[in-house]
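Because the structure is a prediction, the values reported are computed rather than measured.
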Amino acid sequence: MWNDTQDRHPTSPAASAQGAPLAGVRVLDLTRLLPGPMCTLHLADLGADVIKIEDLGAGDYAVDGVRRQVNRNKRGIRLDLKQPGGVQTLLRLCERADVLVESFRPGVMDRLGVGVAAAQARNPRLVYCSITGYGQTGPMRDAAGHDMNYAALTGVADQMGRAGAPPALSSIPVADLLGGTMPAVMGILAALFDACRTGRGRHVDVAIADGLLAHAVIPHMAVTRGGRARPLGADKLTGALACYDHYATADGRWMAVGALEPKFWRRFCACIGRPDLADHLPDAEAPDRHAVKAEVAAALRQHSQAHWAALFAQEDCCVTPVLRLDEALAHPQMQARGMAVTAPAGDRQLGPPVRISGHDFAVRHDAPAPGQHTDEVLAELGWSEEEREQLRAVAAIG
């Protein structure tokens, strides 16, 4: 990280984030849509000065609500990397940055003249992170894909949903976030730490498919033992056990029963008025497991979700209501953890997932409009007004 105090503008987001663990880290964010912007959002929320770089055309075409959420606490500039002036501007920015994150297909940044070698030639300490669907190597390196494709190809979709039904779809893109965002954050922070020790940056190659597959540890156990994962409904986490499933309530809502351990199972059976079921300990191979599950389902259908939620709120046996997202945000636990926040513009957003001592999270400023901070950032980092006017005249910046 840069130690030159003159390099840090006193009013920049990084300088003003007192106690922020990433204060002083400058990140160039060339990503779009979700996996990359969520990665740099986590860095920005931890105090990094994230500069969102968009082209002069469509830019980041994420829907407005997503854009506002994932680009808070960032500054925004516009560059045209198809113009020599735009390329030189980005390379000059690399000289004063700690991290660059991009999510183009493999080879695109090299063709533009701003690949790893060119960027690190300007700044050997630079951590350069590339987030793609299938990585920088392999026969599918150039293939397009979306969240469901990565889940399908890695065998993860086969483990999601109900037996006899198509793989489950979700409005929470697990592959993009678990497979892309979080490994990128992990890799960047590890490379930053190493750069502080060695003075050399690294290329962090994140494949969303790799990241998702790397977390499929539970079904993988069955593969190593028997050659293939167990089908949905036959494994303890996909519906084989009465003690681990979703059950309907009298009002058409659901309860999540996760009473896997014997002590929790016994307490759960007592709470639903069926202590006789406690002797039927969870066993995926038990011949009566389907009958036990039917008895549990019948018991929970006797009352509403509110009834069961109130009862189990006082009991320690891993049973919770299945809430809607709006209900979850209003829940006392989520409120206490600050998971519902309000941005300066007044829109409600999700809080950050990490609490660090000495750092109080804040939405320091709303997501920038495209190019909102072009002049501010370039002037701060040494571009004269004349240089900026020349670049703007040839449409290299906007």
Side-chain angles (χ1 to χ4, degrees), residues 31-43 66 70 99 101-109 116 127-194 202-241 244 258 260 284 353-354:
T31 65
R32 301 174 178 177
L33 298 175
L34 193 61
M38 278 294 294
C39 164
T40 54
L41 169 67
H42 292 320
L43 302 178
V66 171
V70 302
V99 179
V101 190
E102 60 92 8
S103 58
F104 297 104
R105 293 200 205 189
V108 170
M109 293 291 278
V116 180
V127 172
Y128 195 111
C129 178
S130 301
I131 305 172
T132 58
Y134 300 105
Q136 302 296 305
T137 58
M140 292 188 66
R141 67 189 293 267
D142 297 317
H146 284 296
D147 185 88
M148 68 182 302
N149 304 121
Y150 311 133
L153 197 68
T154 57
V156 172
D158 180 65
Q159 293 292 301
M160 300 169 65
R162 290 281 178 177
L169 294 173
S170 171
S171 61
I172 301 174
V174 176
D176 283 349
L177 300 175
L178 178 63
T181 293
M182 300 316 296
V185 173
M186 177 177 70
I188 288 168
L189 294 180
L192 267 178
F193 179 77
D194 185 60
R202 294 176 184 257
H203 184 200
V204 180
D205 172 10
V206 173
I208 296 172
D210 293 355
L212 187 61
L213 180 58
H215 289 89
V217 292
I218 293 178
H220 183 254
M221 289 190 300
V223 174
T224 59
R225 292 171 182 170
R228 61 177 299 177
R230 304 187 73 177
L232 288 173
D235 187 77
K236 65 180 183 179
L237 298 186
T238 64
L241 302 180
Y244 199 88
L260 275 172
V354 176

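Contacts of Arg202 classified as side-chain contact (heavy atoms from CB on, under 4.5 Å), with partners at least two apart in sequence or in another chain: Ala191, Asp194. By the salt bridge (Lys or Arg N to Asp or Glu O under 4.0 Å) test, Asp158 pairs with no residue at all, sequence neighbours left out. Residues satisfying the side-chain contact (heavy atoms from CB on, under 4.5 Å) criterion with Met186, sequence neighbours excluded, are absent altogether. Partners of Pro183 by side-chain contact (heavy atoms from CB on, under 4.5 Å), not counting sequence neighbours, listed by chain and number: Val206. Under the rule for a ring pair (Phe, Tyr, Trp, His ring centres under 6.0 Å), Tyr244 has no partner lying at least two apart in sequence or in another chain. The ring pair (Phe, Tyr, Trp, His ring centres under 6.0 Å) search around His203 returns Tyr128, not counting sequence neighbours. By the side-chain hydrogen bond (donor to acceptor under 3.5 Å, both in side chains) test, Arg141 pairs with no residue at all, sequence neighbours left out. Listed by chain and number, the residues in a side-chain contact (heavy atoms from CB on, under 4.5 Å) with Ala143 are Tyr134, Met140 (sequence neighbours excluded).
At least one side-chain heavy atom of Leu177 sits less than 4.5 Å from a side-chain heavy atom of Met38. Between Pro353 and His42, the closest side-chain pair of non-hydrogen atoms falls below 4.5 Å. Contact annotation: the side chain of Cys39 never approaches that of Thr31 to less than 4.5 Å [non-hydrogen atoms, C-beta and beyond].
Here the closest heavy-atom approach between residue Thr238 and residue Gln159 is recorded as CG2-O, 4.2 Å. Heavy atoms only, all atoms of each residue included: Thr154 and Ala209 are closest at CG2-O, 3.4 Å. In terms of heavy atoms, Ala175 sits closest to Ala151 at CB-N, 4.4 Å. Here the closest non-hydrogen pair linking Gln136 and Thr132 is NE2-CG2, 3.6 Å. Residues Ala222 and Ala229 share a closest heavy-atom pair of CB-CA, 4.0 Å. Shown here for Gly180 and Ile208, the closest heavy-atom pair between the two residues is CA-CG1, 3.8 Å.
Put simply, the side chain of Glu102 never gets that close to the backbone of Gly36: no donor and acceptor are under 3.5 Å apart. Distance alone, capped at 3.5 Å, places no donor-acceptor pair between the Asp205 side chain and the Gly135 backbone.
Under the side-chain hydrogen bond (donor to acceptor under 3.5 Å, both in side chains) criterion, no residue pair touches residues 163-177, with sequence neighbours excluded. Among residue pairs with one or both ends in residues 160-171, those qualifying as salt bridge (Lys or Arg N to Asp or Glu O under 4.0 Å) are Arg162-Asp245; sequence neighbours excluded. Among residue pairs with one or both ends in residues 210-229, none qualify as salt bridge (Lys or Arg N to Asp or Glu O under 4.0 Å); sequence neighbours excluded.
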| said: Determine whether Leu189 and Leu43 satisfy the following criterion, side chain to side chain contact (heavy atoms under 4.5 Å, CB included), listing intermediate values before the conclusion. | reply: CA-CA 9 Å; Leu189 294 180; Leu43 302 178; 4.1 Å; yes
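Between atom CD1 of residue Ile188 and atom OG1 of residue Thr40 there is a gap of 8.0 Å, rounded to the nearest 0.5 Å. The CG atom of Leu237 lies 11.0 Å from the CZ atom of Arg230; values are rounded to the nearest 0.5 Å.
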